[in-house]
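Worksheet for the structure shown next.
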Amino acid sequence: MQYFNFIGWYKAKGKYKKNYRDAKASYLLRIRFAVSMFYFAMGLCFATWASRIPTIKSTLNLGDGQLGTILFALPLGQLTMMYFSGKLVTRFGSNRILPFAISMYAISLTNLGLAQNAWQLALGLYCFGIFGNLTNISVNTQGIYTEGLFKRTIMSSFHGMWSLAGFTGALVGLGLLALKLTTYTHFLIVAFIAFSLIGFNFKFLIKAKENIKTEKPKGFRKPDKTLVLLGVIGFCSMASEGIMFDWSGVFFKDIVKAPGALIILGYTSFMIMMASGRFFGDKLINRYGRKTVMKISGIMISSGFFTAVALPYIIPSMLAFMVIGLGVSTVVPTLYSIAGKHPTIPTGEALTTVSSVSFLGFLMGPPVIGHIAELLSLRFSFAFIGIFGFLIAFMVGRIKAIRE
């Protein structure tokens, strides 16, 4: 079974041990639950950081431009680790790397709560990005192995668990903000939950032998046009998603002027609909077709951003963020499904191209928005990102690989 990383310089095939092939259905379900809990733990840690960005911004007296610059530290950490993550997972096994990586991810989260100035926060985010990338590669490797055991597609449900964790993290953040607990205490509580999930489930991770086969490219090979276009659509969607993670709370605090704990309401409403969309999105696609659903998704993304900008009040903005969440929920999973069925390019290489371009939007979008907000305004920044949704709808209609 093949899995891919963001660089795709080599491939690895995992061979299951006999006890997995002959396992009872109940044990396979336990494996699936265990892997789901690792996705949940990862999403919970990230959502917890996102829910506290407005508080940290105020505590450290950071401007929009300063925060945008500091947020670059997270993608820098991701990029630093990107080359090494796949090799470490292949060399030592995802079942060993994942518990270590996600433990360090949780510890890195708590360190963010100790930051007393800008450079300490940047350093903490850099480490958070490093272990986030390592966790991402190892948990998705486990997800692909688990899918192979079930002989049917279940990856969408794993990503749904990540989104559900985002919603849970927002609710926990809302409650702890109401109790006026410090950011560090909040992060410690979440880290404890993550360690508990690791402790109860790490024994059920799949052990698979890796056979490495390196491939050296023969000269320059022009990227496939269709895959690049799919990646651009993914870039627009994940940029919109990243903005909501990092800036929705700031928007509710500075633009909507939401009081107290209601600052997290925008982020919470977004996460509710994104998680819901990922659990029932496949049914909509089967009924109405990929192209139709993706076009509507793009229009929903733009409509949500423009509504929040035009009506910066609690109820309209909350509803607008819900529309954005539903809009982004199915775009990237659908793109991965299309790319994986490319007629002439192996699945791993196709997914690498699309995911690499897409993920840049998630990493680079939030910092760029901070600088645009510093030069103009945060409302203008959200309106600018709103254009991405219409771009998605336009490009979907132009790509023949996306069928009705």
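Please read all numbers here as calculations on a predicted model, not as lab measurements. The first residue of the sequence shown is numbered 1, and numbering continues consecutively from there.
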I need the T183 OG1 to L114 CG distance, nearest 0.5 Å. 10.0 Å
Please determine whether side chain to side chain contact (heavy atoms under 4.5 Å, CB included) holds for the pair M42 and N136, giving the CA-CA distance in whole Å, both sets of side-chain angles, and the decisive distance to 0.1 Å. CA-CA 8 Å; M42 182 183 179; N136 181 61; 3.6 Å; yes
Atom of A101, atom of F131 and distance for their closest heavy-atom approach: O-CB, 4.0 Å
Is a side-chain donor or acceptor of S138 paired with a backbone partner of T135 at a separation under 3.5 angstrom? yes
Grab the two heavy atoms, one from S248 and one from F321, that are nearest each other, plus how far apart they are. CB-CE2, 3.7 Å
Take M81 and L88, measure what side chain to side chain contact (heavy atoms under 4.5 Å, CB included) needs, and give me the verdict at the end. CA-CA 10 Å; M81 197 63 187; L88 288 171; 3.5 Å; yes
Does the pair D254/R379 count as a salt bridge with the N-to-O cut at 4.0 Å? no
Heavy-atom closest pair (W162 atom, Y39 atom, distance to 0.1 Å) is CD1-O, 3.6 Å
Does either side chain, that of R278 or that of S163, offer a donor lying less than 3.5 Å from an acceptor on the other one? yes
Take T307 and L319, measure what side chain to side chain contact (heavy atoms under 4.5 Å, CB included) needs, and give me the verdict at the end. CA-CA 9 Å; T307 299; L319 294 175; over 6 Å; no
Has S297 got a side-chain atom pairing as donor or acceptor with V293's backbone, closer than 3.5 angstrom? yes
Whether the side chain of Q78 engages the backbone of G132 through a donor-acceptor N/O pair (distance < 3.5 Å, no angle test) should be reported. no
At what distance, to the nearest 0.5 angstrom, does OG1 of T59 lie from CD of Q116? 9.5 Å
F92 and F100: aromatic ring centres closer than 6.0 Å? no
Answer yes or no: are there more than 12 heavy-atom neighbours, outside R96 itself, under 6.0 Å from its atom CZ? no
If you draw a 6.0 Å radius around CZ in F394, do more than 12 non-hydrogen atoms from other residues or ligands fall strictly inside? no
Sub-3.5 Å donor-acceptor pair from the side chain of S269 to the main-chain atoms of G266, do we have one? yes
Identified ring pair (Phe, Tyr, Trp, His ring centres under 6.0 Å) partner of F382 from the options F252, W247, F251: F251
One pair to check against side chain to side chain contact (heavy atoms under 4.5 Å, CB included): N117 and L121. What are the steps and the verdict? CA-CA 6 Å; N117 50 52; L121 179 61; over 6 Å; no
Is any side-chain heavy atom of T69 closer than 4.5 Å to one of H371? yes
Give me the atom names and distance for the closest heavy-atom approach of L197 to A41. CD1-CB, 3.9 Å
T48 backbone acceptor or donor facing S51 side chain under 3.5 Å: yes
For residues K57 and L67, report the shortest heavy-atom separation together with the two atoms involved. CD-CD2, 3.6 Å
About how many Å separate CZ of F40 and CZ of F33, when rounded to the nearest 0.5 Å? 10.0 Å
Do I206 and L149 have side chains that get closer than 4.5 Å, going by heavy atoms? yes
Any chance the side chains of H186 and T55 put a donor and an acceptor closer than 3.5 Å? no
Report yes or no: do S237 and S240 form a side-chain donor-acceptor pair below 3.5 Å? no
In this structure, CZ of F270 is separated from CE of M322 (nearest 0.5 Å) by 12.0 Å
Is a side-chain N or O of Q66 found less than 3.5 angstrom from the main chain of G63, in a donor-acceptor match? yes
Counting neighbours of CZ on F390 that are heavy atoms of other residues, nucleotides or ligands and sit closer than 6.0 Å, is the number greater than 12? yes
Heavy atoms only: give me the nearest L181-R52 pair and the separation to one decimal. O-NH2, 3.0 Å
To the nearest 0.5 angstrom, please state how far the CD1 atom of I272 sits from the CG atom of L326. 12.0 Å
Do M294 and I233 come close enough that some side-chain heavy atom pair is under 4.5 Å? yes
Rounding to 0.5 Å, atoms CE (M37) and CZ (R32) come to a distance of 11.0 Å
